Amino acid sequence: MRGPMVSGVINQLLTTTEWGELDYLVIDMPPGTGDIHLTLCQGVRMFSKLKVPCVAVVENMCYFDADGKRYYPFGQGSGAQVVQQFGIPHLFDLPIRPTLSASGDTGIPEVVADPQGIVAKIFQNIGVCAVQQCAKIRQQVSTAVSYDRLIRAIRVRVPDSDEEFLLHPATVRRNDRSAQSVDEWTGEQKIQYGDIPEDIEPEEIRPMGNYAVSITWPDGFSQIAPYDQLEMLERLVDVPLSNLEKQYGFGDINSVEWSQIQILVCLKLRITASDL
């Protein structure tokens, strides 16, 4: 099978299989650059565009040892070149070993047959690397976008970025680019500015993979907001104080930075607590 038929089978395998509760789904791709590989990934650059992180490069059949020397039959340094070019943090080399090949045929992995051997240690290091990097990524995306009810603003800190910025909820809702908001053929905006109330607040924000968040609004609409799109929206420079004025009596303050607000709120809370 080739082309669309293979793509359909791969998509069906990944999206309609009852996998159950998985910690990780490992896809072992055979050597080559055929349709299966093009369906699953379009290389490191496509991974980057899709926000699919590359945490390591593993060079299989990299070298073999004989007569006290190490030989690289397919050349040396290609893995290091990829790591350096694309900024991938880890590189692992797997040797050419008859026992490693035989373990795949016998059904007894070499990590089981020789748990203290060099191959087992390499696989263990690869596993530790994957677990640690996935945990780091999950932590980043879980806190990337949130709604701050105190200031009625959406906080955004895109993964792998130290910059944090604020967005007005109505701005995010009005800039939805889905087919429900924009005509796919003409590009005409279906949703009008006045259709979205200025005081709209999201009901839920949750991560969608590594590239976007899903925002549920009070009208039941579920908006997929990619990080790239959020970065392009108009940002809040001055924090809206309407909610703070009601809760903490900051009516005499016209515009302050969020760091100042935090200090003022803390002081107000301390004074209130001490008066109780």
Side-chain angles (χ1 to χ4, degrees), residues 4 7-8 10-19 21-22 24-25 27 38-55 133-149 151-236 240:
S7 299
I10 296 300
N11 288 331
Q12 184 179 15
L13 173 68
L14 294 177
T15 61
T16 65
T17 301
E18 184 61 47
W19 295 108
E21 290 294 328
L22 292 179
Y24 304 93
L25 177 61
I27 302 171
L38 297 177
T39 300
L40 291 172
C41 63
Q42 296 288 345
V44 176
R45 288 189 177 89
M46 182 59 71
F47 272 145
S48 178
K49 290 181 180 179
L50 295 176
K51 304 299 181 183
V52 177
C54 294
V55 301
Q133 293 296 318
C134 288
K136 177 181 177 182
I137 293 166
R138 278 197 292 267
Q139 176 63 26
Q140 288 178 334
V141 300
S142 67
T143 58
V145 182
S146 61
Y147 182 60
D148 192 324
R149 296 189 180 280
I151 59 174
R152 293 184 177 178
I154 294 176
R155 290 181 171 278
V156 182
R157 183 190 291 267
V158 176
D160 295 326
S161 172
D162 294 330
E163 181 187 17
E164 181 181 273
F165 55 90
L166 302 175
L167 298 174
H168 196 293
T171 300
V172 176
R173 179 67 177 85
R174 289 171 181 143
N175 282 274
D176 174 60
R177 305 302 298 170
S178 70
Q180 292 181 265
S181 301
V182 179
D183 189 290
E184 294 182 280
W185 295 102
T186 65
E188 181 182 356
Q189 191 80 21
K190 294 181 181 179
I191 190 170
Q192 302 301 314
Y193 187 93
D195 294 337
I196 305 301
E198 197 67 23
D199 61 350
I200 191 170
E201 296 183 78
E203 292 188 343
E204 182 186 19
I205 301 178
R206 56 187 179 85
M208 292 288 293
N210 301 315
Y211 74 99
V213 290
S214 173
I215 306 176
T216 303
W217 299 98
D219 59 1
F221 179 70
S222 182
Q223 177 182 356
I224 305 300
Y227 297 137
D228 291 345
Q229 181 184 344
L230 294 177
E231 289 182 293
M232 299 297 294
L233 297 182
E234 181 182 0
R235 303 180 182 185
L236 285 173

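Quick note: numbers below take in every heavy atom, side chains included, and nothing from hydrogens, waters or symmetry partners. Bear in mind the structure is a predicted one, so any value in this text is a computation, not a measurement.
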Spell out, as yes or no, whether a donor-acceptor pair under 3.5 Å connects the side chain of Thr171 to the backbone of Leu167. no
Salt bridge check, Arg174 against Glu198: does any charged N sit closer than 4.0 Å to a carboxylate O? yes
If only atom types and distance count, is the side chain of Asp195 paired as donor or acceptor with the main-chain N or O of Gln192 below 3.5 Å? yes
Taking the side chain as everything from C-beta on, heavy atoms only, tell me whether Ile215 gets closer than 4.5 Å to Glu204. no
Quick one: do Asp176 and Lys190 make a salt bridge, cutoff under 4.0 Å? no
Scanning both residues in full, the closest heavy-atom pair of Pro169 with Trp217 reads O-CH2, 3.4 Å
Using a 4.5 Å cut-off on heavy atoms from C-beta on, say whether the side chain of Arg157 contacts that of Glu163. no
Worked check of side chain to side chain contact (heavy atoms under 4.5 Å, CB included) between Tyr211 and Asp228: CA-CA 8 Å; Tyr211 74 99; Asp228 291 345; over 6 Å; no
Looking at Glu201 and Arg149, is there a salt bridge between them, counting it only when a charged N and a carboxylate O are closer than 4.0 Å? yes
State whether the number of non-hydrogen atoms from other residues, nucleotides or ligands found under 6.0 Å of Trp185 atom CH2 is greater than 12. no
Are more than 12 heavy atoms from other residues, nucleotides or ligands located less than 6.0 Å from atom OH of Tyr193? no
State, with a plain yes or no, whether a side-chain heavy atom of His168 is found less than 4.5 Å away from one of Arg173. no
Does the cation-pi check pass for Arg155 over Phe165, that is, NZ or CZ under 6.0 Å from the six-membered ring centre and within 45° of its axis? no
Quick one: pull up CD1 in Ile196 and OG in Ser181 and give me the separation to the nearest 0.5 Å. 7.5 Å
Is there side-chain contact between Arg152 and Tyr147, with at least one heavy-atom pair below 4.5 Å? yes
Whether the Arg177 and Gln189 side chains hold a donor-acceptor pair (N or O, under 3.5 Å, no angle test) is what I'd like checked. yes
Taking the side chain as every heavy atom from C-beta outward, state whether Glu188 and Val182 have any atom pair closer than 4.5 Å. no
Can any side-chain N or O of Thr16 pair as donor or acceptor with the backbone N or O of Gln12 at less than 3.5 Å? yes
Beyond-backbone contact of Ile151 with Leu166, side-chain heavy atoms, under 4.5 angstrom: yes
Under the side-chain hydrogen bond (donor to acceptor under 3.5 Å, both in side chains) rule, what do Gln133 and Arg138 come out as? Steps first, then yes or no, please. CA-CA 9 Å; Gln133 293 296 318; Arg138 278 197 292 267; over 6 Å; no
Looking at Val213 and Met208, what are the two nearest heavy atoms and their distance? C-CG, 3.8 Å
Pairwise distance OG(Ser146) to CD1(Ile205) - rounded to 0.5 angstrom: 6.5 Å
Restricting to non-hydrogen atoms, name the atom on Ser214 and the atom on Ser222 that form the minimum distance, rounded to 0.1 Å. OG-OG, 3.1 Å
Taking the side chain as every heavy atom from C-beta outward, state whether Phe221 and Thr216 have any atom pair closer than 4.5 Å. no
Answer whether the closest heavy-atom distance between the side chains of Leu230 and Val172 falls below 4.5 Å. yes
